Amino acid sequence: MLTIKQITENKEFVLERLAVKRFKNPELVDEIISLDNNRKKLQNQSEALLAELNKISKEIGILMKAGNAKEAEQAKKRNTEIKEESQKLSQELTLTEEKLNSFLVQLPNLPHISVPLGHTPEDNVEIRKGGQIPSLSESALPHWELAKNYDIIDFELGTKLTGAGFPVYKGKGAKIQRALINFFLEEATNAGYKEYMPPLMVNEDSGFGTGQLPDKEGQMYHVTLDNFYLIPTAEVPVTNIFRDVIVNASELPIKATAYTPCFRREAGSYGKDVRGLNRLHQFDKVEVVQIAHPAKSYEILEEMVKHVESLVKKLELPYRILRLCGGDMSFTSALTYDFEVYSAAQKRWLEVSSVSNFESFQANRLKLRYREESEKKPVLAHTLNGSALALPRILAAILENNQTNRGIRIPKVLVPFTGFEYID
RNA sequence: GGAGAGAUGGGUGAGUGGCUGAAACCAACGGUUUGCUAAACCGUCGUACUGUGCAAACGGUACCGGGGGUUCGAAUCCCCCUCUCUCCGCCA
């Protein structure tokens, strides 16, 4: 979330940026500012009373020790009155703070100046593209047909075991999943990311830290008995590793990676978007996360984009990189690049990665700070993350783009991990 | 799941009602000393909000796992919750 300071000190800028994100109730900004003024006023009054209360209490102690019971009794009486008044004030203060907080949490992150205007995916700006779109014969099949023919993914079986959107990978289909995971993790660790294997369920605090809670709990599976949430992305547990942490500036950037399954309810999705591997309730993903110095975070964002780009290149997939427009960005992001690969039989672009700089938006929720050598006060760090990469759509594109008479050709870089060159 | 013990600052750990935002030690940082290193000595050494001030700084309030209560006053007493440890049970 934004800090009060960001809002009060740059109100006009905040309003202008929120408009880019197409935020629908900018009145909140004014309400927040006036609530904050009110909060300060109440806090001052309340604390003045408490200071008085504390002072008298100390005096009572001294009087009692001196055996001056009568004066002590008088002082007690006085304190009881002050206490009543102070309780009223602090109640009011608490209410104000709660209201302020509930408003603050509703404001999305401010988009970076380079974010294009617009409100639909059509307004996203293509930054670059690469790879060759293969020319397939008319008889080329979409991946869900291929998966069936080669018996490598069983969607119906998943439906039997769990429900729609939970496929079962079989034989070489299962092996290629493992190969992709290993390939992505190797690439990430070679690029300096430290590998983690985090829990797949998180508590409420973690959900809040990265911005899924309180408003987006509908996206996550909720284990009500224990009040845990299945993670929708490794971003949640990995970023929360650094919740309530103060690091030295010299330790930045911190680079972390993790492979995890991801669970998403995807309520409301339907139609051809969800065919086959296009949209699942459970899928596998390798995520990269960085904790950065604010002065370096955009440089680091580019570095992360380069890393993800190198992955799709090595997999020989046709891709394009989009800079998301204000209206298509997530609540928490300041700047996002989406990666899409072309799935040649479906003849459509599929999103396989989203790389974002959250600036201090998550860090403020996480209380994730760094301290400069010479400075006393800790400062909010910047957090970034990106998929590197999400498996199902990558697999969809590999299956469709690489279909040949001999079978599905496995990209060269993956062969050492799969141990076979063709799915046949 | 049953029984018991515990949770204090970066770490160890003292503190059972007032003068404790918290001893002491260690770590860290700054300095003195030193040919260098080490040792020794001196100093600094939590976070948030907030007030005065250009600032440096100096005040106020809150925080001793979390929440509530008792009291003029709570790290200290009471209740609830969470977590950790030990023993038993169960178990990949």
Side-chain angles (χ1 to χ4, degrees), chain A residues 1-9 32-105 197 199-209 213-214 223-229 237 240-252 254 261 360 363-381:
Chain A
M1 67 189 161
L2 302 175
T3 62
I4 283 280
K5 274 210 177 105
Q6 270 176 297
I7 296 166
T8 53
E9 287 171 10
I32 284 168
I33 292 173
S34 91
L35 276 172
D36 185 49
N37 286 333
N38 205 236
R39 189 205 103 235
K40 279 186 200 170
K41 206 179 77 199
L42 287 169
Q43 184 177 330
N44 286 339
Q45 291 172 356
S46 162
E47 285 183 356
L49 282 180
L50 284 175
E52 177 77 5
L53 203 70
N54 288 342
K55 203 178 113 216
I56 294 176
S57 290
K58 264 182 197 165
E59 284 165 7
I60 291 171
I62 294 163
L63 287 171
M64 304 266 276
K65 229 166 229 173
N68 199 338
K70 208 162 131 203
E71 271 189 52
E73 275 314 308
Q74 273 176 352
K76 277 191 200 181
K77 214 174 265 175
R78 200 144 37 97
N79 247 5
T80 312
E81 286 163 27
I82 296 174
K83 208 170 128 184
E84 239 171 81
E85 207 179 327
S86 120
Q87 271 170 352
K88 248 185 268 170
L89 267 177
S90 66
Q91 246 173 37
E92 209 180 325
L93 177 61
T94 308
L95 283 174
T96 308
E97 279 172 340
E98 279 170 4
K99 196 167 173 192
L100 176 60
N101 219 5
S102 76
F103 283 3
L104 214 45
V105 157
M197 196 179 266
L200 305 182
M201 288 193 260
V202 293
N203 57 28
E204 256 178 306
D205 286 346
S206 297
F208 177 81
L213 297 176
V223 181
T224 51
L225 205 54
D226 297 287
N227 201 21
F228 293 151
Y229 292 87
N240 271 283
I241 291 171
F242 306 97
R243 171 154 48 87
D244 293 318
V245 166
I246 300 175
V247 298
N248 289 329
S250 59
E251 296 170 56
L252 299 173
I254 297 169
S360 59
N364 187 31
R365 291 173 158 236
L366 293 159
K367 301 278 164 281
L368 163 52
R369 291 164 293 174
Y370 71 94
R371 200 194 307 267
E372 214 79 61
E373 298 297 325
S374 51
E375 300 291 327
K376 269 198 198 156
K377 275 209 150 246
V379 181
L380 291 175

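Predicted, not measured: the structure shown is a model, and the values here were computed from it. First the proteins, then the strands, lettered A, B, ... as listed; each starts at 1.
- Atom CG of A:Leu50 is separated from atom P of B:C49 by 18 Å (rounded to the nearest Å).
- Comparing the C1' positions of B:G17 and B:C72 gives an interatomic distance of 12 Å, to the nearest angstrom.
- Across all strands shown, B:A5 forms a Watson-Crick or G-U wobble pair with B:U84, both key distances being under 3.5 Å.
- One atom, CD of A:Glu97, and another, P of B:A62, lie 14 Å apart when rounded to the nearest Å.
- Here, B:C79 and B:U12 have their P atoms 28 Å apart, quoted to the whole Å.
- In the set B:U47, B:U61, B:C72, the nucleotide with an atom closest to the side chain of A:Pro378 is B:U47.
- The two residues A:Tyr370 and A:Ala249 have their closest heavy-atom pair at CD1-CB, 3.8 Å.
- The local environment of CD in A:Glu85 is sparse, with at most 12 non-hydrogen atoms from other residues, nucleotides or ligands closer than 6.0 Å.
- As judged by a 4.0 angstrom heavy-atom cut-off over every strand, A:Arg78 is placed among residues making no nucleic acid contact.
- Remark: B:C64 base-pairs with no nucleotide in the shown strands. Criterion, Watson-Crick or G-U wobble with two distances under 3.5 Å.
- A salt bridge does not link A:Arg78 to A:Glu81: none of the charged nitrogens lies less than 4.0 Å from a carboxylate oxygen.
- A side chain to side chain contact (heavy atoms under 4.5 Å, CB included) with A:Tyr229 holds for exactly one of A:Val223, A:Leu213, A:Leu200; it is A:Leu213.
- Nucleotides B:U71 and B:U76 are separated by 16 Å at their P atoms, to the nearest Å.
- Between A:Ala75 and A:Met64, the residue whose closest nucleotide on RNA chain B is further toward the 5' end is A:Met64.
- Comparing the C1' positions of B:G69 and B:A56 gives a spacing of 44 Å, expressed to the nearest Å.
- B:C63 and B:G9 have their P atoms separated by 15 Å, given to the nearest Å.
- We find that CG of A:Asn79 is positioned 9 Å from P of B:C72, with the value rounded to whole Å.
- Here the OG-CZ distance, from A:Ser250 to A:Arg371, works out to 12.0 Å after rounding to the nearest 0.5 Å.
- Across all strands shown, B:A74 has no partner, as no Watson-Crick or G-U wobble contact with both distances under 3.5 Å is found.
- B:C25 is paired with B:G11 under the criterion used here, namely a Watson-Crick or G-U wobble arrangement in which both key atom distances are under 3.5 Å.
- Side-chain nitrogen and oxygen atoms of A:Arg371 include none within less than 4.0 Å of the OP1 or OP2 phosphate oxygen of B:C45.
- Taking atom CG of A:Asn101 as the reference point, atom P of B:A48 lies 16 Å away to the nearest angstrom.
- Remark: B:U32 base-pairs with B:A40; criterion is Watson-Crick or G-U wobble with both hydrogen-bond distances under 3.5 Å.
- You'll find that the side chain of A:Lys40 is closest to B:U50, out of B:U50, B:G73, B:G60.
- Comparing A:Ile4 and A:Lys55 by the nucleotide of RNA chain B whose heavy atom lies nearest to each, the residue mapping closer to the 5' end is A:Ile4.
- A:Thr3 places a side-chain N or O within 3.5 Å of a backbone atom of A:Gln6 that can act as its donor or acceptor partner.
- Between the P atom of B:G18 and the CD1 atom of A:Ile56 lies a distance of 20 Å, rounded to the nearest Å.
- B:U52 is paired with B:A57 under the Watson-Crick or G-U wobble criterion, all donor-acceptor distances under 3.5 Å.
- Taking atom CG on A:Asp244 and atom C1' on B:A48, their separation rounds to 12 Å, with Å as the unit.
- Here, B:G15 and B:A23 have their P atoms 14 Å apart, quoted to the whole Å.
- The separation of B:U50 from B:A55, taken at their P atoms, amounts to 15 Å, rounded to a whole angstrom.
- The side chain of A:Asn54 contributes an N or O atom lying less than 4.0 Å from OP1 or OP2 of B:A62.
- When the side-chain nitrogen and oxygen atoms of A:Arg369 are compared with OP1 and OP2 of B:A48, one or more of them lie within a distance under 4.0 Å.
- Heavy atoms of other residues, nucleotides or ligands lying less than 6.0 angstrom from NZ of A:Lys367 number more than 12.
- Here the nucleotide nearest the side chain of A:Lys83, chosen from B:U47, B:U71, B:U61, is B:U71.
- Phosphate contact (OP1/OP2 of B:U47, side-chain N/O of A:Lys377, threshold under 4.0 Å): absent.
- Between B:C64 and B:A22, the distance separating the two C1' atoms is 8 Å to the nearest Å.
- What separates CD1 of A:Ile246 from P of B:G9 is a distance of 14 Å, to the nearest Å.
- Distance, A:Glu59 CD to B:G73 P: 15 Å, rounded to whole Å.
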